[in-house]
> 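One structure, as structure tokens, below. Some questions next.
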Amino acid sequence: MPKLSFAALVAGLIALAIIRMDADADAPPTRRANGIIRGRVELRQSPAENAPRISVSDLGMSNVHEPPDRRSVVYLDPAPRAAFDTREDVRPRMDQKDETFVPHIMAIVAGTTVDFPNNDHTYHNVFSLSKTKTFDLGRYAVGRSKSVRFDRSGIVRMFCDIHSHMSAFILVFAHRYFSVSDSEGMYRLENVPPGSYTVVAWNESAPLESRRVVVPDAGGEVEVNFALGRR
């Protein structure tokens, strides 16, 4: 068998490499699909909360104001670049009903305008001293509504200057990868591109908690659960 010269051997290796490169170019690209991050946020109770409580009716007072709904907000930090868009959403509203803000927790994208209608038979005065958004809507009666545009990301806590027991939160994000949990603590983040992320759970009565999660190239659902301890 004749021996190949060094030059012929090099030429053969180059030709083989070119053939492999052409084959790789013709091969279909790996398909990447967006995924879903979902799970549940549990709010642990402190020992004091497990103890029997005295009802306000036992003290000769009427139990008019129910405790607000303590939902959580779950979000990505930071978020994928694809989260920044100009899609328009339905204009949200935070009602004032039975001397309570409804909903108690709201999450929006920066640039959103929120309506604050008054559906009580009393005056309200919605205001906030938060650094993210400071405002004072002044007093207005039943049937009227005022609005506020939230331009910066951050947390805004609101009160009523007339009813001291009223309070609510609006979390403003620079992206759309956030979710407010339902009454059972369930949340769902959809259309998350493949990659590694930090998922954060926020609740007004508990410290922040975060988890690292990887959405695979094939997409699918990834479950991330939280158990938050009360402050």
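Just so you know, these numbers come straight off a predicted model, no measurement behind them.
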> Using modelled atom types only, decide if a donor and an acceptor are shared between the side chain of R139 and the backbone of I162 within a distance under 3.5 Å.
no
> Taking the inter-plane angle between the rings of H175 and Y75 on a 0 to 90° scale, is it parallel (under 30°), tilted (30 to 60°) or perpendicular (over 60°)?
tilted
> Can any side-chain N or O of R40 pair as donor or acceptor with the backbone N or O of E184 at less than 3.5 Å?
yes
> Treating R157 as the side-chain partner and S130 as the backbone partner, does any N or O pair qualify as donor plus acceptor under 3.5 Å?
no
> Identify the heavy atoms of S205 and L43 that sit nearest to each other, and give their distance.
OG-CD2, 3.6 Å
> Sub-3.5 Å donor-acceptor pair from the side chain of K133 to the main-chain atoms of V156, do we have one?
no
> Apply side chain to side chain donor-acceptor pair (under 3.5 Å) to residues R91 and T113 and explain how you reach the verdict.
CA-CA 7 Å; R91 189 150 148 169; T113 298; 4.9 Å; no
> When rounded to the nearest 0.5 angstrom, what is the spacing between CZ in F226 and CG in N203?
12.0 Å
> Is a side-chain N or O of H104 found less than 3.5 angstrom from the main chain of S167, in a donor-acceptor match?
yes
> Between H163 and Q96, is there a side-chain donor-acceptor contact under 3.5 Å, judged purely by atom types and distance?
no
> What pair of heavy atoms forms the shortest contact from P92 to I108, and how long is it?
CG-CG2, 4.2 Å
> Taking the side chain as C-beta and beyond, is there a heavy-atom pair between F173 and V73 under 4.5 Å?
yes
> Would you give the length of the straight line joining atom CG of L76 to atom CD1 of I37, rounded to the nearest 0.5 angstrom?
5.0 Å
> What about V109 and I105, same hydrophobic cluster or not, with Ile/Leu/Val/Met/Phe/Trp/Tyr joined at side-chain heavy-atom distances under 4.5 Å?
yes
> Step by step, would you call E221 with R188 a salt bridge (Lys or Arg N to Asp or Glu O under 4.0 Å)?
CA-CA 10 Å; E221 294 190 0; R188 188 179 182 91; 3.4 Å; yes
> What's the spacing between Y187 OH and N225 CG if we round to 0.5 Å?
6.5 Å
> Got F178 and L171 here, is their nearest side-chain heavy-atom distance under 4.5 Å?
no
> Can you tell me if R149 uses its side chain to pair, donor with acceptor, with the backbone of G111 under 3.5 Å?
yes
> Spell out, yes or no, whether V114 and V102 are grouped together once hydrophobic residues are joined by side-chain heavy atoms under 4.5 Å, including indirect joins.
no
> Is there a donor-acceptor pair closer than 3.5 Å between any side-chain N or O of D115 and the backbone N or O of S145?
no
> More than 12 heavy atoms of other residues, nucleotides or ligands under 6.0 Å from CZ of F159: yes or no?
yes
> Between S72 (side chain) and S181 (backbone), is there a donor-acceptor pair under 3.5 Å?
no
> Measuring from R144:CZ to N119:CG, what's the distance to the nearest 0.5 Å?
13.5 Å
> Are the side chain of T100 and the backbone N or O of D98 linked by a donor-acceptor pair below 3.5 Å?
yes
> Look up atom CG in D77 and atom OH in Y197, then write down how far apart they are to the nearest 0.5 Å.
13.0 Å
> One thing to verify: whether R211 and E209 come together as a salt bridge, which I'm taking to mean a side-chain N less than 4.0 angstrom from a carboxylate O.
yes
> What distance separates E99 CD from C160 SG, expressed to the nearest 0.5 Å?
8.0 Å
> Is there a donor-acceptor pair under 3.5 Å between the side chain of H124 and the backbone N or O of F116?
no
